[in-house]
Amino acid sequence: MRRDVQLRTATPEDLEWIHELRHRVYAQELGQHAPDPSGRLRDGLDGDNVYLVAARGSTRLGFVSLTPPWVGRYGLDKYLDREALPLLAEPDVFEVRILTVEPRWRATAVAPLLMYAALRWIAARGGRRVVAMGRTEVLAMYLAAGLRPVGRTVRAGAVTFEVLTGEVAALTQVARDRYGTVVERLRSRVDWQLDVAFAPRPDGCEHGGASFTAIGTDFRSLDRRHRVVAADVLDAWFPPAPGVRAVLAEDPGWAARTSPPSGAEGLLAEIATARELPVETLAVGAGSSDLIFRAFGRWLTPDSRVLLMDPGYGEYAHVTERVIGCRVDRFRLRREEGWRIDPARLSAAVASGRYDLVVVVNPNNPTGRHAPADELRAVIAGAPERTRWWIDEAYLGYVGPDESLAHLAATDPRVVVCTSLSKMYALSGVRAAYLVAGPDTAASLRRWTPPWPVSLPAQLAAVAALRDPEYYRECRERTHALRGRLAAGLAGLDASLVVEESVANFLAVTLPSGGPSAARLVAECRRHDVYLRDLSPLSPEYRGRTVRVAVRDTAENERIVAAVGAALDALRPGPGASGAAAPAGLPVAGGTR
């Protein structure tokens with residue numbers, strides 16, 4: 001394979017070749033289907049599933065078919081009902097089917113390339129599990145890839161298939177560990193035209209903040225910050241309070257070289273005063289991620305079972321599933337229900353007492369919806385005693401302090417509230433956060449906190465910010481007004497766009513089915529130095545079509561609207577830019593040949 005091997009989503013012109021190749025292989029070669037006089041073998045899922053195609057110039061080499069869960073049906077439905085294969089009823093299962101390679105290319109890397117591409121596509125759409133059919137004659141290949149039989153076989157014509165499944169994270173790990181050399185060789189030899197990065201991040205987590213890459217992570221071109229619109233992260237559009245800027249500017253040399261109070265005693269006292277909480281119920285950290293990793297690492301093990309909201313903040317899935325290895329279930333939030341947490345359904349989900357931890361981000365990121373405090377209190381009150389609740393209130397300031405569960409956390413040993421000072425107080429760069437818990441829980445976490453957990457500039461800034469609530473109240477009110485104008489500007493670009501305002505400093509834009517994917521919109525906007533967040537990797541609920549947009553100031557919001565409008569114009573004709581595809585793993589596929 002040379003560099004001119006191209007990997008793309010199928011174009012309309014590719015479909016005739018796909019149908020012809022399928023007939024040659026599955027009707028004439030394998031006898032899975034009866035020959036058709038047309039010499040074409042079509043699929044009942046055509047129009048809903050996605051084909052990925054490998055080609056060299058005008059020569060097509062092979063393809064793989066992928067069926068995402070939002071289609072509502074799978075190829076396997078022809079052979080097994082949902083009672084026989086209940087995993088097909090799960091909302092994050094992607095089916096990989098009919099990996100097919102032209103005979104002369106079967107001894108090359110075409111099949112592994114297609115399978116790897118499928119795996120990456122699924123991960124980019126929030127897929128967490130793959131289901132596939134593999135011919136029994138090559139079962140060892142599938143097992144080596146990390147797939148496992150579910151105990152069901154199906155027969156199609158003269159061919160017998162084993163039904164297989166695998167977790168996307170585990171298949172990705174297998175691809176990295178067993179096939180890393182092959183994958184890296186493919187990277188330099190393929191023209192990768194899919195709307196997903198060729199390789200995942202080394203830590204496996206899709207963090208935000210690509211905009212800083214554009215500025216320059218080596219800090220040698222910081223002047224670019226004036227040209228880049230960083231709407232992919234939820235940093236404040238406004239500066240910190242005047243008192244914060246004054247204390248940081250008073251003697252920056254001293255603040256940089258001086259060790260802070262080792263236990264952040266002054267910051268803890270200020271939080272206690274501002275929030276009317278006992279200081280012994282508090283613990284601080286260098287941002288909420290610091291507290292999440294520190295607390296979860298103490299409380300959870302691979303045997304722990306955790307319930308996460310879906311869609312939800314991706315850091316929680318990362319630390320529970322990939323870092324600790326917990327058994328994680330998802331509580332599905334539904335677009336048709338306005339992404340709200342149904343308290344009755346949540347109560348039913350936790351009633352069994354099987355969860356060690358339930359995580360609720362409120363207001364939720366990325367859906368932007370807020371669950372009323374009274375509803376959550378009632379759910380928690382009726383929950384089993386053994387279940388701990390972690391309530392993330394990073395964006396609660398956009399709703400109001402009366403909606404906080406901090407005082408409940410100070411008295412109920414099952415509840416912990418985590419609050420970032422970064423977002424609401426325009427302090428993302430200095431990193432500061434705190435949590436509220438019962439005195440014993442807070443004391444235990446403080447014992448496992450290293451000295452000097454928060455830098456001196458961060459402590460100075462956070463204390464000054466907490467002393468100026470009126471400044472931040474005005475900033476939040478202006479944020480709501482800016483968000484409304486931004487939403488109206490984006491909605492006015494195209495009637496087919498669905499714009500959903502949040503209660504916080506961001507909104508979501510969903511593209512229509514059949515149009516460009518969210519990933520392609522994000523990539524096109526970057527040509528204008530406007531950075532948005534593709535929400536697709538966070539959940540299949542977004543179907544690869546939703547972007548999150550942070551609220552910026554008036555001028556930057558205008559640039560966002562202009563960039564999205566230009567991107568939509570550029571992508572409208574977009575050949576093969578349909579974002580509706582699916583995935584696989586190295587090697588994965590149904591009916592592979």
* Quick one: list whatever passes ring-ring contact (aromatic ring centres under 6.0 Å, His included) with Tyr313, sequence neighbours left out. =>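 Once residues adjacent in sequence are excluded, the partners of Tyr313 under the ring-ring contact (aromatic ring centres under 6.0 Å, His included) criterion are Tyr316.
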
* Asked: With respect to Val150, which candidate in Leu164, Val163, Leu80, Val131 satisfies the side chain to side chain contact (heavy atoms under 4.5 Å, CB included) definition?
  ->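 Result for side chain to side chain contact (heavy atoms under 4.5 Å, CB included) with Val150: Val163.
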
[atom1]-[atom2] distance between [X] and [Y], expressed to the nearest 0.5 angstrom:
{"X": "Arg22", "Y": "His33", "atom1": "CZ", "atom2": "NE2", "answer": "5.5 Å"}
{"X": "Asp43", "Y": "Ile18", "atom1": "CG", "atom2": "CD1", "answer": "10.0 Å"}
{"X": "Lys78", "Y": "Arg73", "atom1": "NZ", "atom2": "CZ", "answer": "10.0 Å"}
{"X": "Leu511", "Y": "Arg543", "atom1": "CG", "atom2": "CZ", "answer": "13.5 Å"}
{"X": "Leu307", "Y": "Asp356", "atom1": "CG", "atom2": "CG", "answer": "11.5 Å"}
{"X": "Arg327", "Y": "Thr301", "atom1": "CZ", "atom2": "OG1", "answer": "8.0 Å"}

* Taking only residues two or more places apart in sequence, or in another chain, which ones meet Asp14 in a salt bridge (charged side-chain N to carboxylate O under 4.0 Å, His left out)? -> Arg8, Arg60

* Set of salt bridge (charged side-chain N to carboxylate O under 4.0 Å, His left out) partners for Arg155, sequence neighbours left out ->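 With sequence neighbours excluded, Arg155 shows a salt bridge (charged side-chain N to carboxylate O under 4.0 Å, His left out) to no residue whatsoever.
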
Minimum heavy-atom separation for [X] and [Y], please, with both atom names.
{"X": "Ala109", "Y": "Pro112", "result": "O-CD, 3.3 Å"}
{"X": "Thr546", "Y": "Ala508", "result": "CG2-CB, 3.9 Å"}
{"X": "Leu194", "Y": "Ala117", "result": "CD1-CB, 3.7 Å"}
{"X": "Asp232", "Y": "Ser211", "result": "OD1-OG, 2.8 Å"}
{"X": "Arg152", "Y": "Ala84", "result": "NE-O, 3.2 Å"}
{"X": "Ala563", "Y": "Val530", "result": "CB-CG2, 3.6 Å"}

May I ask you to test the [X]-[Y] pair for a side-chain heavy-atom distance under 4.5 Å?
{"X": "Cys326", "Y": "Ser304", "answer": "yes"}
{"X": "Leu300", "Y": "Val319", "answer": "no"}
{"X": "Arg224", "Y": "Asp529", "answer": "yes"}
{"X": "Val53", "Y": "Trp17", "answer": "yes"}
{"X": "Val25", "Y": "Leu30", "answer": "yes"}
{"X": "Val182", "Y": "Tyr116", "answer": "no"}
{"X": "Thr67", "Y": "Asp48", "answer": "no"}
{"X": "Arg24", "Y": "Pro103", "answer": "yes"}

* Asked: For the rings on Trp70 and Tyr542, is their centre-to-centre separation under 6.0 Å?
  ->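 Trp70 vs Tyr542: aromatic centres not under 6.0 Å.
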
* **Glu137, CD atom: more than 12 neighbouring heavy atoms under 6.0 Å** => yes

Please answer whether the main-chain N or O of [Y] pairs with a side-chain N or O of [X] as donor and acceptor at a distance below 3.5 Å.
{"X": "Arg106", "Y": "Val101", "answer": "yes"}
{"X": "Arg120", "Y": "Phe198", "answer": "yes"}
{"X": "Arg56", "Y": "Leu61", "answer": "no"}
{"X": "Arg345", "Y": "Arg332", "answer": "yes"}
{"X": "Glu95", "Y": "Leu76", "answer": "yes"}
{"X": "Asn364", "Y": "Pro311", "answer": "yes"}
{"X": "Thr100", "Y": "Gly62", "answer": "no"}
{"X": "Arg97", "Y": "Tyr74", "answer": "no"}

* Take the angle between the ring planes of Tyr51 and Phe63 and call it parallel below 30°, perpendicular above 60°, tilted in between. => perpendicular

* To do: Anything under 30° is parallel, anything over 60° is perpendicular, the rest tilted; go ahead and classify Trp390 against Trp299.
  => perpendicular

* Steps toward side-chain contact (heavy atoms from CB on, under 4.5 Å) verdict (Asp329, Arg305) -> CA-CA 8 Å; Asp329 294 335; Arg305 186 174 289 276; 3.1 Å; yes

* To do: If a pair satisfies side chain to side chain donor-acceptor pair (under 3.5 Å) and one of its residues is in residues 162-173, list it, with sequence neighbours excluded.
  => Arg129-Glu167, Gln173-Arg176, Gln173-Asp177

* Step by step, work out the side-chain contact (heavy atoms from CB on, under 4.5 Å) result for Leu346 and Met309. => CA-CA 10 Å; Leu346 181 57; Met309 304 298 107; 4.1 Å; yes

* Where do Asp310 and Arg128 land on the side-chain contact (heavy atoms from CB on, under 4.5 Å) test, with the steps shown first? -> CA-CA 12 Å; Asp310 186 353; Arg128 301 185 183 99; 2.9 Å; yes

* To do: List in chain and number order the residues that pass side-chain hydrogen bond (donor to acceptor under 3.5 Å, both in side chains) with Ser496, two or more places apart in sequence or in another chain; answer none if no residue qualifies.
  =>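 If we apply the side-chain hydrogen bond (donor to acceptor under 3.5 Å, both in side chains) test to Ser496, skipping adjacent residues, the hits are Asp494.
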
* To do: With sequence neighbours excluded, tell me which residues meet side chain to side chain contact (heavy atoms under 4.5 Å, CB included) with Ser38.
  =>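 Ser38 satisfies side chain to side chain contact (heavy atoms under 4.5 Å, CB included) with Asp36, Arg40, Arg42 once adjacent residues are dropped.
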
* Could you check Leu357 against Phe296 for side-chain contact (heavy atoms from CB on, under 4.5 Å), going step by step and ending with a plain yes or no? => CA-CA 9 Å; Leu357 180 70; Phe296 286 21; 3.6 Å; yes

* To do: May I ask you to check whether Thr510 and Arg335 show a side-chain donor-acceptor distance below 3.5 Å?
  =>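 Thr510 vs Arg335: donor-acceptor pair found between side chains.
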
